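Only one structure is covered here, and it is reproduced in the block below.
Lettering of chains follows the sequences in order, A, B, ..., and the numbering in each one begins at 1. Given the structure is predicted, the values throughout are model-derived calculations rather than measurements.
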2 protein chains.
Amino acid sequence: MATSTSAARNSSGEHPFATDLNWLLHRVAAGLGSAQDEAARRHGLGVRDYAVLRTIAEGTPTSQLALGKDLGLDKTTLTAVLDRLEGAGLVVRRPAASDRRTRVCEATESGRDLADRAAKDVSLTEQELLVALKPEEHRLLVTLLRELAFGPFADAAPVSGSCI
Amino acid sequence: MATSTSAARNSSGEHPFATDLNWLLHRVAAGLGSAQDEAARRHGLGVRDYAVLRTIAEGTPTSQLALGKDLGLDKTTLTAVLDRLEGAGLVVRRPAASDRRTRVCEATESGRDLADRAAKDVSLTEQELLVALKPEEHRLLVTLLRELAFGPFADAAPVSGSCI
DNA sequence: TATTGTTATACTCTATAACTATA
DNA sequence: TATAGTTATAGAGTATAACAATA
């Protein structure tokens, strides 16, 4: 008889969602996301803070709306993140000269420094978790996901859940 | 000069997270998840309800704890889902003969029917969204994600967020 | 009148802890 | 004493709507 502690299996003896793309995506995203969140928190940032800070630090100064659209974040969510980052002296918001409704976000020097240090740590965490994949498999995975992220999902609803 | 409505771009003119695996995963997972959630709701189920129902319908009867472990769901989350499913007459919980603490979940006939119909609709939605990928690319993506999901992430924390 | 960004609020979701019952 | 499952609850996170300032 089957042990009562064994996990659910379908008639093929396989994990019931072994071939379900949505389940696999969420499972891997949750695993990687929480690991990277932990790495980012060692620098005093959540993954979302980290994502926003890195975008600001590496990109050209932009309005908050453009920032949110690009990251797939709601503007009210972004306000809270920027309040934290600005309060920590990592980012400054200044009114745009051309349109004083918009506020342009720029990273301070310490913001850029922190973004760099955190990025190193986060990417190290990623490498540790992805030893199961060969380098070319890793690249392939990124390529495939990019086709989807910038194709059918380019205008998808904002991402919910705290890991991005 | 750059338009004020353009999205944030890094110095290479590329989307700042174009190569960030975590961001790509969350973005694609959110897009696919919300599309499939919509499909499942046409059958009166959220995606999570759908995932649980399908696992019960297709698998061998198991305890709730095993079910939750397999799906990556907390037991308290699972209780709420099962309450809904049982209230709708799709699932029955009966005490296990061998250990009366555990309750075994089984799908009713109408539960299996609904799971089948919803599965067709959900997979149709997936196909529509994945036209950007060739069939072998789709299979490749699943294979790569499986290696991660059942490897380094097999014992990861429960999935948060409502799309699984 | 439309848009950027902020604030306040209500809602959803989740896990923690405490509890019951069985073992 | 430990485990399966339930309940209650508090906390986090999110989006909706109303608002101020500017266009």
Starting at atom [atom1] of [X], determine the distance to atom [atom2] of [N], rounded to an integer number of angstrom.
X: L65(A); N: dA2(C); atom1: CG; atom2: C1'; answer: 13 Å
X: L78(A); N: dG13(D); atom1: CG; atom2: C1'; answer: 15 Å
X: R103(A); N: dT7(C); atom1: CZ; atom2: C1'; answer: 13 Å
X: D83(A); N: dT7(C); atom1: CG; atom2: C1'; answer: 10 Å
X: R84(B); N: dT6(D); atom1: CZ; atom2: P; answer: 13 Å
X: K69(B); N: dA4(D); atom1: NZ; atom2: P; answer: 11 Å
X: D37(B); N: dC13(C); atom1: CG; atom2: C1'; answer: 13 Å

Sequence neighbours excluded, every pair satisfying salt bridge (Lys or Arg N to Asp or Glu O under 4.0 Å) that has a member inside residues 73-95 of chain B
D49(B)-R84(B), D83(B)-R93(B), E86(B)-R93(B), R94(B)-E106(B)
Give me each pair satisfying salt bridge (Lys or Arg N to Asp or Glu O under 4.0 Å) with a member in residues 116-132 of chain B, each pair once, sequence neighbours excluded.
R42(B)-D121(B)
Which parts of nucleotides 16-23 of chain C does protein reach within less than 4.0 Å, heavy atoms only, written one letter per nucleotide 5' to 3' as B for base, S for sugar-phosphate only and - for none?
BB---BBS
Of the nucleotides dT6(C), dT6(D), dA15(D), which one has an atom closest to the side chain of T79(A)?
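Nearest to the side-chain atoms of T79(A), counting from C-beta on, is dT6(C).
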Quick one: does H15(A)'s side chain get under 4.5 Å of D70(B)'s, heavy atoms only?
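Side chain of H15(A) against side chain of D70(B), heavy atoms only: contact under 4.5 Å found.
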Expected output: side-chain D37(A) to main-chain V47(A) donor-acceptor under 3.5 Å
yes
A quick test of your reading: do over 12 heavy atoms of other residues, nucleotides or ligands sit less than 6.0 Å from CD of E14(B)?
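It does: E14(B) CD has more than 12 such atoms within range.
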Is the cationic atom of R54(B) (NZ for Lys, CZ for Arg) positioned less than 6.0 Å from the six-membered ring centroid of F17(A) and within 45 degrees of its normal?
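The answer is yes; both the distance and angle limits are met.
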